[in-house]
Amino acid sequence: MEGEKWVLMVTAKTPTNIAVIKYWGKRDETLILPINDSISVTLDPNHLCTTTTVSVSPSFPHDRMWLNAKEISLQGGRFQSCLREIRARAQDVEDEKKGIKIKKEDWQKLHLHIASYNNFPTAAGLASSAAGLACLVFSLAKLMNLKEDNSQLSAIARQGSGSACRSLYGGFVKWTMGKEENGSDSLAVQLADEKHWDELVIIIAVVCAQQKETSSTSGMRDTVETSALIKHRAKEVVPKRIVQMEEAIQNRDFSSFARLACTDSNQFHAVCLDTYPPIFYMNDTSHRIISCVEKWNRAEGTPQVAYTFDAGPNAVMIARNRKTAALLLQRLLYNFPPQSDTALDSYIIGDKSILGDAGIKDIKDVEALPPPPEIKDNMPTQKSKGDVSYFICTRPGGGPVVMSDETLALLDPLTGLPK
Ligand code: DP6
């Protein structure tokens, strides 16, 4: 094989996911084994996903990786765990058209080039590592012809980042914590695909953050070491909520789904506060979004919208259906209008059709929005410009896919370098 010039590559697209029952706390830091099960919704990859091209060539002198066109180090323990686990399962590969044959044992000597791209700003703090690590594992598994199914691949992605394991499936996904010490049963399973409950609409508020946040990894380590509440949460609260959440998803019972998602997000932030020193992920804007949704839900008598927050101030809101999503968007735009120099087109991104449903065509329609009925006349309205960077409208979506169109590859087919 030495001296040969060929490059073989695979490109795949993998979604990000948002937990509605949160993962927070590890029982094994190296294998990334959690202290409780978690459940997530996969987000539509058209709006939030990672695309990764992986390539192999006898001419590559070492493994290299580029993220959003910038070279990054692959030396980290988590990358190395994923690469090692995948190489150990690699199979014979033959590409007849290109006349390439790779024997199982050759994969240990061959080097890889990997290029990854997020279709959303990495700095926005939107679980980019989940989609990224899942995409890395999925695309390498295809390149090396692994026999493992997506659930088994999820146990490899888990070793890159816990939440990544849930991005191996579309729709509604459960990460079972497992019992085995080697982590072989700590993996993701699909509860229902994205068509099962296709009425749901998701609106994400990307909230402006003042300070750099504590990473999930170190935050959850501190919580496990210092919080008394986390033990109660993992042992008593989450196991019951997992059963109830599975039922709510199966029955498309939005009221139960919303109550569970909101209370679980709030409890996750409560254990962050119970950590010493305390961790604050939500900010004033996050709190105002919660109170806007809570007031509306209470006024309606039944929940219209669920909210959930990860390790940052961004709000992920899940609306019961399109009609509710349009009403939610009106409320959000009333409370958080864009700054005068921001075009509506860049303030609402993703599925812009919700804007049409909300009767909003331009900025004048935003300015003309009446206060929502649940805001009482005697309450001062706190409109605040500039607290939200932008909103993303999306919905539950499908799992990872291989992209057969070679023109979409991020690496040059001849050199294996970023295009
Ligand atoms: C709040 O998966 O980012 O988003 O396993 O250390 O990489 P590591 O952490 P990560 O933690 C995600 C935490 C969360 C909740 C969730 O996604 O379940």
Side-chain angles (χ1 to χ4, degrees), residues 16-26 29 32 34-36 38-41 43 48 118 120-132 161-164 166-167 175 202-234 237-238 241 258 260-294 305-318 332 335-336 384 386-392:
T16 172
N17 72 78
I18 178 75
V20 287
I21 300 291
K22 303 290 184 196
Y23 145 55
W24 196 252
K26 298 181 183 71
E29 291 250 353
I32 311 199
I35 56 170
N36 58 255
S38 54
I39 293 180
S40 60
V41 180
L43 305 182
L48 294 156
N118 296 326
F120 54 94
T122 314
L126 291 165
S128 53
S129 68
S161 179
S163 53
R166 297 185 310 239
S167 275
W175 172 12
I202 298 170
I203 300 182
I204 303 170
V206 178
V207 170
C208 301
Q210 302 301 324
Q211 73 230 38
K212 197 166 157 21
E213 285 132 23
T214 314
S215 77
S216 305
T217 308
S218 72
M220 67 177 86
R221 183 184 304 134
D222 292 349
T223 302
V224 169
E225 276 169 16
T226 62
S227 163
L229 277 187
I230 190 76
K231 295 176 186 65
H232 175 69
R233 165 174 168 76
V237 182
V238 176
R241 281 189 184 158
L260 288 162
C262 296
T263 49
D264 200 69
S265 170
N266 294 337
Q267 188 178 68
F268 153 51
H269 292 277
V271 300
C272 288
L273 210 54
D274 189 50
T275 301
Y276 196 77
I279 310 166
F280 311 104
Y281 284 127
M282 293 195 284
N283 64 18
D284 284 354
T285 311
S286 319
H287 291 140
R288 286 191 50 217
I289 292 174
I290 293 184
S291 103
C292 161
V293 171
E294 287 289 358
V305 174
Y307 55 81
T308 184
F309 295 73
D310 275 350
N314 299 332
V316 177
M317 290 158 277
I318 308 176
L332 291 169
N335 285 298
F336 305 96
S384 52
D387 288 347
V388 170
S389 301
Y390 54 93
F391 293 101
I392 307 171

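Owing to the predicted nature of the structure, the values given are computational and were not obtained by experimental measurement. Below, each value reflects all heavy atoms present in this structure, side chains not excepted, and no hydrogens, waters or symmetry copies.
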Practice prompt. Kindly indicate whether the side chain of E213, heavy atoms from C-beta on, has any atom under 4.5 Å from the side chain of P313.
Written response: yes
Practice prompt. Please answer whether the main-chain N or O of L229 pairs with a side-chain N or O of D274 as donor and acceptor at a distance below 3.5 Å.
Written response: yes
Discussion item. Return the NZ to OG1 distance between K22 and T308, rounded to the nearest 0.5 Å.
Written reply: 2.5 Å
Worksheet item: Under 3.5 Å, is there a donor-acceptor pair between the side chain of N335 and the main chain of I289?
Response: no
Worksheet item: For the residue pair F309 and H269, does the interplanar ring angle fall in the parallel (under 30°), tilted (30 to 60°) or perpendicular (over 60°) class?
Response: perpendicular
Practice prompt. Check the pair I204 / L43 against side chain to side chain contact (heavy atoms under 4.5 Å, CB included), numbers first and verdict last.
Written response: CA-CA 11 Å; I204 303 170; L43 305 182; 4.0 Å; yes
Practice prompt. Count the heavy atoms belonging to other residues, nucleotides or ligands that lie under 6.0 Å from CG of D284, then report whether that count exceeds 12.
Written response: no
Discussion item. So, using ring-ring contact (aromatic ring centres under 6.0 Å, His included) as the criterion, who are the partners of F391 when residues are at least two apart?
Written reply: Y347
Fill in: Partner set under side chain to side chain donor-acceptor pair (under 3.5 Å) for N283, not counting sequence neighbours
S286
Practice prompt. To the nearest 0.5 Å, tell me how far S163 OG sits from W24 CH2.
Written response: 10.0 Å
Fill in: Main-chain N/O of C262 paired to N266 side chain as donor or acceptor, under 3.5 Å
yes
Item to complete: Report yes or no: does N314 contribute a side-chain atom to a donor-acceptor pair with the main-chain N or O of V207 at less than 3.5 Å?
Response: yes
Fill in: Check: D310 side chain, I18 main-chain N or O, donor-acceptor pair, under 3.5 Å
no
Item to complete: Kindly indicate, with the supporting measurements, whether the criterion side chain to side chain contact (heavy atoms under 4.5 Å, CB included) is fulfilled by Y281 and T214.
Response: CA-CA 8 Å; Y281 284 127; T214 314; 3.7 Å; yes
Discussion item. So, using salt bridge (charged side-chain N to carboxylate O under 4.0 Å, His left out) as the criterion, who are the partners of E225 when residues are at least two apart?
Written reply: none
Discussion item. Measuring from atom CZ of F268 to atom OG1 of T263, what distance do you get when rounded to the nearest 0.5 angstrom?
Written reply: 14.0 Å
Item to complete: With rounding to the nearest 0.5 Å, note down the distance linking NE2 in H287 to CD in E294.
Response: 12.0 Å
Worksheet item: Which value, rounded to the nearest 0.5 Å, describes the distance between I32 atom CD1 and W175 atom CH2?
Response: 7.0 Å
Discussion item. Show, in sequence, the C-alpha distance, side-chain angles and deciding distance for V224 and K26, and conclude whether the side chain to side chain contact (heavy atoms under 4.5 Å, CB included) test is met.
Written reply: CA-CA 8 Å; V224 169; K26 298 181 183 71; 5.9 Å; no
Worksheet item: Under the side-chain contact (heavy atoms from CB on, under 4.5 Å) test, which residues partner A258, sequence neighbours left out?
Response: F254, P303, A306
Item to complete: Output the distance between atom CZ (R241) and atom CD1 (I21), rounded to the nearest 0.5 Å.
Response: 6.0 Å
Practice prompt. Would you mind reporting whether V388 and L332 have side-chain heavy atoms less than 4.5 Å apart?
Written response: no
Practice prompt. Taking all heavy atoms of G25 and all of M220, pick out the closest pair and write down the distance.
Written response: N-SD, 3.3 Å
Response to the item:
Nearest heavy-atom approach of M317 to A205 is CE-CB, 3.9 Å
Worksheet, complete the sentence: With sequence neighbours left out, the residues meeting ring-ring contact (aromatic ring centres under 6.0 Å, His included) with Y307 are none
Practice prompt. Go through V316 and V41 one step at a time and tell me if the side chain to side chain contact (heavy atoms under 4.5 Å, CB included) criterion holds.
Written response: CA-CA 11 Å; V316 177; V41 180; over 6 Å; no
Worksheet entry | Residues in side-chain contact (heavy atoms from CB on, under 4.5 Å) contact with T275, at least two apart in sequence or another chain | D222, T223, T226, S227, I279
